[in-house]
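Right, one structure below, let's go through it.
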Amino acid sequence: MKVSQMLLPTLREVPAEAEIISHQLLLRAGLIRKSASGIYTYLPMGMRVLHKVMNIVREEMDRFGGYEMLLPIVQPAELWKESNRWAVYGEEMFRLKDRHDRDFCLGPTHEEIITEVLKGDVNSYKQLPLLLYQIQNKYRDEKRPRFGLMRGREFIMKDLYSFDKDFEGLQESYDRMYKAYSNVFKRCGLNFRIVEADSGAIGGNTSHEFVVLASSGEAGVVYCDDCDYASNIESAEAIPETLAGETALKKELIDTPNLRSVKEVAELLKLNPKYFIKSLFYKADDEEVLVLIRGDREVNEIKLQNYLGCLELEMLDSDKVASICQADVGFVGPIGIDIKIIADKEVPLIANAVVGANKNDYHYKNVNSERDFKIDAVADLRLVGEGEPCPKCTGRLESARGIEAGQIFQLGTKYSDALNAKYTDENGNEQLIVMGCYGIGVSRTLQAAIEQNHDAEGIIWPITIAPAQVVIIPVSTKDLGQVTAANDIYGFCKEAGIEVLLDDRDERAGVKFKDADLVGYPIRLTVGKKTVNEGTVDIRLRHSGEEQAVAKEEAVAAIEKLVDNLLQGQGPEFVDINKP
RNA sequence: CGGGGUGUGGCUCAGUUUGGUAGAGCGCUGCGUUCGGGACGCAGAGGCCGUAGGUUCAAAUCCUAUCACCCCGACCA
């Protein structure tokens, strides 16, 4: 590879469109360019990194028994109607029609299509289990594409699907993928955590996410400071806090002119917000519900949606709330309301609470559930916060942010049932195939790696996914001695199987050094006057800045050794269950 | 989807308030000097000012519509 012959358009200035550092560096280092919001072109160096990540994924999938396939991106609507997801996916699905006016979509994921393939060709227990995967573009018309490759509308994902006879087999497949995923992210040089997760629209029960820690990440996670419990905040179990018991006092109407928030009323009454009950009105599909939660807590809408089993969940607009309560938002409460009321587990534990009076400018105090209002159901509906007790031990929860790079699900029979994918067991009985699915956001992982590995000068690639292991920079392209030496070393490196790039542009040395730091090659070899006069080259490590002079005859051997060392530092503690 | 903002050369931006010859820096081309951390000088090229209408003698600038892109929010009771 020679820079003079490649498209490697680095930028000195930060493009206005990029907010976070990894996005800026992707653009500045000449790895990607935007085509439309959330849609990107991969330039040659970006493509090389992408291939590196994809190959690591491939190797680990194959190591654990996966077989790669290629599935259609354009998929017929009928399949999606069969699984009912044509409706569920809603606006997020890219839809199109063919010339005969038939409906199609650009696949946001591939459960339907692969199940369809399977059911035609798999019908005996002898053919199971199967682990099949594909790495390709997926399409989701995100409300708000963001942060470059992080939340794109067209993105590259690896999806593996497991097909087993029973749930025992599923657990085995799931465990394999758990290990495979750990290997993938270790090999990519990422600092990540495995957390319990909600299974969301995909469905199923058990699920884990692989979260790359980064402050810019969109996923919130909590983890125990004592045991190994870790969870996505969306699914983290909340332990109800018990408040000191009090005798129920007489309900009392209090004057709260224009005080609408818990905070304002709490200040007036000099009462801790934990003695308030917030009333939130939601529309769950077509049903209106009132959700009650302690004044200092927040509703976890994922939990609420799961509890209600609805497809769409949104808060009621204030006009609608006013018509139900005969009062404005800010003064509404559960007393005398005739719709379904569900309460967080902590609500019944509050004695003598404050609630809106359903009368403008008034609240009630000393309100007690059951006596003053009914609760139709109690559930864990709240968001867990930092410092709360761990649900698994006596420790406390810490919180962090991260990038969700991978997620694994135990689907069970949801799709095989919907799409009628069955096999015949040992006894001649028809059984549903038990499925799992396992996704890695490949393009997102690439960006996550930059988010975690950079400095003020640019990217610092882990050597396992670097676009090139070594860059050779001749200081002056006018000095024939330097050019010859650089070319020789370049050739020897190639022969030795080192991934090497020669920056043979007729640029000043400073420009080439800056670009090398920006693009982030792990090793840099400089050929200069010293090479011609004294026979040495300078070898420098990007991550530490260490530099040393080496005789040019020993340069290739030195680089080989450095590459090996770096690879070992980045290597996984290989988990290999296929080998004895 | 709601709110805000921006569209001017490849990139970063000024010019718009107050209508009157389209600008700067970087990048690009040529020549010269320079040459181990984004050099300097000289000479150049490159722009239907997002798009479509309108107002006006005259529109990057004013009006209307539209498109694109970016940011914030979508927990407020």
Side-chain angles (χ1 to χ4, degrees), chain A residues 9-20 23-24 27-28 30 33-39 90-92 141-148 256 258-266 273 276-282 290-293 295-304 312-318 320-322 324-325 327-334 344 354-358 360 363 381-383 456-458 473-479 482 503 505-518 524-532 536-538 540 545 547 549:
Chain A
T10 54
L11 303 174
R12 294 188 183 209
E13 297 188 74
V14 179
E17 66 187 71
E19 178 88 347
I20 63 172
H23 186 193
Q24 295 173 352
L27 292 164
R28 285 193 58 213
R33 287 291 180 264
K34 183 173 68 182
S35 299
S37 181
I39 296 175
E91 298 281 273
E92 235 164 72
D141 196 358
E142 294 282 351
K143 268 186 230 174
R144 178 135 105 97
R146 250 207 274 214
F147 300 149
T256 53
N258 213 24
L259 302 179
R260 293 161 184 274
S261 68
V262 167
K263 199 177 150 221
E264 288 165 342
V265 180
F276 284 63
I277 299 173
K278 283 199 285 199
S279 306
L280 286 74
F281 288 85
Y282 280 92
L290 171 56
V291 175
L292 301 180
I293 188 155
D296 60 335
R297 305 295 200 191
E298 286 178 3
V299 169
N300 179 335
E301 291 190 351
I302 305 284
K303 286 182 184 173
L304 181 58
E312 286 195 32
L313 179 73
E314 55 182 20
M315 299 205 78
L316 278 187
D317 59 62
S318 41
K320 207 72 192 270
V321 172
I324 293 174
C325 299
D328 293 336
V329 162
F331 304 103
V332 300
D344 179 67
V354 176
V355 301
N358 291 329
N360 280 357
H363 283 74
L381 299 174
R382 71 179 179 88
L383 211 51
E457 294 299 315
I473 297 182
V475 166
S476 170
T477 47
K478 304 233 165 43
D479 180 340
Q482 291 184 35
D503 194 346
R505 291 175 299 170
D506 181 16
E507 287 284 356
R508 294 166 62 87
V511 171
K512 292 194 270 195
F513 289 148
K514 284 284 183 187
D515 269 353
D517 285 349
L518 177 60
R524 183 179 91 193
L525 186 147
T526 307
V527 174
K529 269 193 204 135
K530 282 193 288 181
T531 313
V532 179
T536 63
V537 297
D538 290 321
R540 182 186 172 100
E547 187 161 34

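By convention in this document, chain letters (A, B, ...) are assigned in the order of the sequence lines, proteins followed by strands, and residues within each chain are numbered from 1. Given the structure is predicted, the values throughout are model-derived calculations rather than measurements.
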Please state how far atom [atom1] in [X] lies from atom [atom2] in [N], giving the value in whole angstrom units.
X: A/H23; N: B/C69; atom1: NE2; atom2: P; answer: 13 Å
X: A/L27; N: B/U12; atom1: CG; atom2: C1'; answer: 14 Å
X: A/E19; N: B/G73; atom1: CD; atom2: C1'; answer: 15 Å
X: A/F147; N: B/C70; atom1: CZ; atom2: P; answer: 11 Å
X: A/Q24; N: B/C70; atom1: CD; atom2: C1'; answer: 13 Å
X: A/Q482; N: B/G36; atom1: CD; atom2: P; answer: 10 Å
X: A/R28; N: B/G38; atom1: CZ; atom2: P; answer: 14 Å
X: A/K143; N: B/C71; atom1: NZ; atom2: C1'; answer: 17 Å

Go through [options] for me and flag the one nearest to the [X] side chain.
X: A/K34; options: B/C69, B/G38, B/C71; answer: B/C69
X: A/D515; options: B/G36, B/G37, B/G38; answer: B/G38
X: A/R540; options: B/C70, B/G37, B/A39; answer: B/G37
X: A/A16; options: B/U12, B/G37, B/G36; answer: B/U12
X: A/A36; options: B/C69, B/G38, B/G36; answer: B/C69
X: A/E547; options: B/G73, B/G36, B/G38; answer: B/G36
X: A/V475; options: B/G36, B/C71, B/G38; answer: B/G36

Using only atom types and a distance under 3.5 Å, with no angle test, would you say the side chain of A/K512 pairs donor to acceptor with the backbone of A/P474?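 At least one qualifying donor-acceptor pair exists.
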Span that lies between the [atom1] atom of [M] and that of [N], in whole angstrom:
N: B/U17; M: B/G30; atom1: C1'; answer: 42 Å
N: B/C26; M: B/A39; atom1: C1'; answer: 14 Å
N: B/U51; M: B/C13; atom1: C1'; answer: 22 Å
N: B/C40; M: B/G27; atom1: P; answer: 8 Å
N: B/G50; M: B/U61; atom1: P; answer: 8 Å
N: B/G9; M: B/G44; atom1: C1'; answer: 15 Å
N: B/U6; M: B/A58; atom1: P; answer: 28 Å
N: B/G2; M: B/U12; atom1: P; answer: 28 Å

Compare all side-chain heavy atoms of [X] with those of [Y] and state whether any distance is below 4.5 angstrom.
X: A/L292; Y: A/V355; result: no
X: A/R524; Y: A/I473; result: yes
X: A/D328; Y: A/R260; result: yes
X: A/F331; Y: A/T256; result: yes
X: A/F276; Y: A/H363; result: no
X: A/R382; Y: A/N300; result: no

Should [N] form a Watson-Crick or G-U wobble pair with both distances under 3.5 Å, which nucleotide is its partner?
N: B/U16; result: none
N: B/C1; result: B/G73
N: B/C31; result: B/G41
N: B/A22; result: none
N: B/U61; result: none
N: B/C48; result: none

Quick one: is [N] close enough that its OP1 or OP2 comes under 4.0 Å of any side-chain N or O from [X]?
X: A/K529; N: B/C35; result: no
X: A/S37; N: B/C70; result: yes
X: A/R144; N: B/C71; result: yes

I'd like a table of atom pairs between the protein and nucleotides 27-31 of chain B - only N or O on both sides, under 3.5 Å - with the distance next to each one.
| from | atom 1 | to | atom 2 | distance (Å) |
| --- | --- | --- | --- | --- |
| B/G27 | OP1 | A/R12 | NH2 | 3.2 |

Output, in order, the C-alpha distance, side-chain angles, deciding distance and verdict of side-chain contact (heavy atoms from CB on, under 4.5 Å) for A/E17 and A/H23. CA-CA 9 Å; A/E17 66 187 71; A/H23 186 193; 4.0 Å; yes
Would you indicate what [X] reaches in the nucleic acid, counting non-hydrogen atoms under 4.0 angstrom: base, sugar-phosphate, or nothing?
X: A/N300; answer: base
X: A/G528; answer: base
X: A/K512; answer: nothing
X: A/R508; answer: base

Is a donor-acceptor pair below 3.5 Å formed from side chain A/R524 to base B/G37, judging by atom type as modelled?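 Counting by modelled atom types and ignoring angles, a donor-acceptor contact under 3.5 Å is found here.
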Can you say whether a donor on the side chain of A/E13 sits under 3.5 Å from an acceptor on the base of B/G38, or the other way round?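 Such a pair does not exist between side chain and base.
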Pick the nucleotide of RNA chain B nearest each of A/F513 and A/E17; which residue has the one closer to the 5' end?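 In this pair, the answer is A/F513.
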Would you kindly compare A/G510 and A/F281 by the position of their nearest RNA chain B nucleotide and give the one closer to the 5′ end?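 Final value for this comparison: A/G510.
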Taking the basic N atoms (NZ, or NE/NH1/NH2) and the acidic carboxylate oxygens, is any pair closer than 4.0 Å for A/K514 and A/E457?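 Answer for the salt bridge query: yes.
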I need the single residue from A/L280, A/L304, A/I302 that forms a side-chain contact (heavy atoms from CB on, under 4.5 Å) with A/L381. Which is it?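 Only one of A/L280, A/L304, A/I302 forms a side-chain contact (heavy atoms from CB on, under 4.5 Å) with A/L381, namely A/L304.
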Please evaluate residues A/E91 and A/K143 with respect to the criterion salt bridge (Lys or Arg N to Asp or Glu O under 4.0 Å), reporting the C-alpha separation (whole Å), side-chain torsions for both, the decisive distance (0.1 Å), and the verdict. CA-CA 8 Å; A/E91 298 281 273; A/K143 268 186 230 174; over 6 Å; no
